[in-house]
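Working notes, beginning with the structure itself.
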Amino acid sequence: MTEVLDPWLKDDPSKPKIFALAGFFPIPGVTAQEMSLQKDIIIQRLKSMGGRYVEKDEWDPSVTHVITYVDGKKEGMSEKVMAAIAAGRWVLTKRYLEKSYKAKEWIEAPRLFAHPVDAVLRNRKRWFLQGARGGPFWDMKAALVMEDERKKGVYGRIVVAGGGTVRNINTLRQIAEDKTLLAEGHLTHVFLDPWDVATDSFRQVKSQVDMMGLKIWFLHYKFLFLKIRGSPEPTEAEHNVMNAQVREMGERERRQVQVMGERGQQRIKRKTASERGSNQKKQKIDNTEVFTVDSDDDDCVTIVDNIVSGDKANINENVDISIDTDDDDDIKVLEQKLASSRLAAGSGRQYMERGKATGVMQSYKEMCDQQRREQLGSRKRNGGVREARREVIGLGRPDEQEVV
């Protein structure tokens, strides 16, 4: 007997499928070369089946499906994943594409491959039954006045994707100096850094809001992430910056950002100093790379000394792969190269995460701490290794970075 599915659990085969990828950046155990090959295979497969691929760093409202990389360790969500969920679009693992490609047709009911499944299906149902009114941010009229411009841009796009409106307001001072911005119904939410509660601009704005009897929430931006994730559904009261616990969390976040900035400056200075060395010294330097991926909880940068002087054979070289057709032969070539890279990368580079404007759960922070301790211990044991060349390599586009 054929199972009868609710319409929001099915994929309309008559509509075009427009894809974006998220989360395909190097992680512990998967090199940059290997991840790049995986992306190439996915893109070629979806194109060969008639899908369209959107190559953008930011969320594109035309996207109907986001293919997200899932490794079972991180619980954060990137901009594209959050925006797609908020907009009621499909967010699926790469298994959806693999199964469709094997069957030579798109799977009609992708729900088994949705991730995170509860959030994806819940929002698809709301959008199907209520339209834009079913969006998690319907009726929200928001101002985002955080210091971090990247966070403002990311969360602004997410609010709009979820049916909300973002006002052209950039600072608390702007609200304080222009009383028309506090007109009845113009604003419902202001997202700010919790430490701004101590500023004169905030006190002035809050005083005006109270005096006018307006219902405007002043919230930490992480309310938006939790609203999309749901389960449990967050409340504005829990994330009000007037809450002492919220302010304490914000202070911890600010200290982490400051530490991250100081360490970043130290790395730049060390790199500059190393570049001034003599040619003789450069010949003795090992190839050492620092791979950084943005997250929120900790500055987890690990320097991995992979190559002892003279042992050049272990260097993993980048492989450039360009394919101009959608033939199965091209995909087979990619798959063979991917298999070869996995065999060759046995003791290759390791990748850690560095705290910035985004967030992951505590368990991942602990994993970072453990791996950092292991790497530091390894460096002490290998005291004979000559000074490593510290080369900072930024990995992953902003869209692939978790922004929670």
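Throughout, residue positions are numbered sequentially from 1 according to the sequence presented. Atom set for the values below is all heavy atoms of this structure, side chains included, hydrogens, waters and symmetry mates excluded.
- The pair Asp148-Lys152 does not count as a salt bridge, with every side-chain nitrogen at least 4.0 angstrom from each carboxylate oxygen.
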Checking side chain to side chain contact (heavy atoms under 4.5 Å, CB included) for the pair Leu192/His220: CA distance, chi angles, key distance, verdict?
CA-CA 6 Å; Leu192 66 156; His220 190 275; over 6 Å; no

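- Salt-bridge check for Lys151 with Glu253: passed, with a basic side-chain N closer than 4.0 Å to an acidic carboxylate O.
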Steps toward side chain to side chain contact (heavy atoms under 4.5 Å, CB included) verdict (Leu9, Arg111)
CA-CA 6 Å; Leu9 300 177; Arg111 69 190 190 285; 4.0 Å; yes

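- Residues satisfying the side-chain contact (heavy atoms from CB on, under 4.5 Å) criterion with Glu98, sequence neighbours excluded, are Arg45, Lys94, Arg95.
- Nearest heavy atom pair, residue Ser201 against residue Leu172, reads CB-CB, 3.9 Å.
- Counting only residues at least two apart or on different chains, no ring-ring contact (aromatic ring centres under 6.0 Å, His included) pair has a member in residues 156-187.
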Check the pair Gln174 / Asn170 against side chain to side chain contact (heavy atoms under 4.5 Å, CB included), numbers first and verdict last.
CA-CA 7 Å; Gln174 185 179 349; Asn170 298 309; 4.0 Å; yes

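- Using a cutoff of 4.0 Å between basic side-chain nitrogens and carboxylate oxygens, Lys56 and Asp60 are scored as salt-bridged.
- No more than 12 heavy atoms of other residues, nucleotides or ligands lie within 6.0 Å of CZ in Arg173, so this atom counts as exposed by the packing criterion.
- Counting all heavy atoms, side chain and backbone alike, Pro136 lies closest to Trp127 at CD-NE1, 4.3 Å.
- For the residue pair Asp11 and His65, the shortest heavy atom distance occurs at OD2-NE2, 2.7 Å.
- Atom CZ of Arg254 has more than 12 heavy atoms from other residues, nucleotides or ligands within 6.0 Å.
- Taking the six-membered ring for Trp and the full ring otherwise, the centers of Phe24 and Tyr69 sit less than 6.0 Å from each other.
- Nearest heavy-atom pair, Arg229 versus Arg122, reported as atom, atom and distance to 0.1 Å: O-NH2, 2.9 Å.
- Listed by chain and number, the residues in a side chain to side chain donor-acceptor pair (under 3.5 Å) with Gln208 amount to none (sequence neighbours excluded).
- When ring centroids are compared, Tyr155 and Trp59 stay outside the 6.0 Å threshold.
- When all heavy atoms of Ala86 and Phe137 are compared, the pair lying nearest together is CB-CE1, 4.4 Å.
- Of the candidates Trp90, Phe19, Phe113, Trp106 forms a ring-ring contact (aromatic ring centres under 6.0 Å, His included) with just one, namely Phe19.
- Environment of CD in Glu233: crowded, with over 12 heavy atoms of neighbouring residues, nucleotides or ligands closer than 6.0 Å.
- Environment of NZ in Lys141: crowded, with over 12 heavy atoms of neighbouring residues, nucleotides or ligands closer than 6.0 Å.
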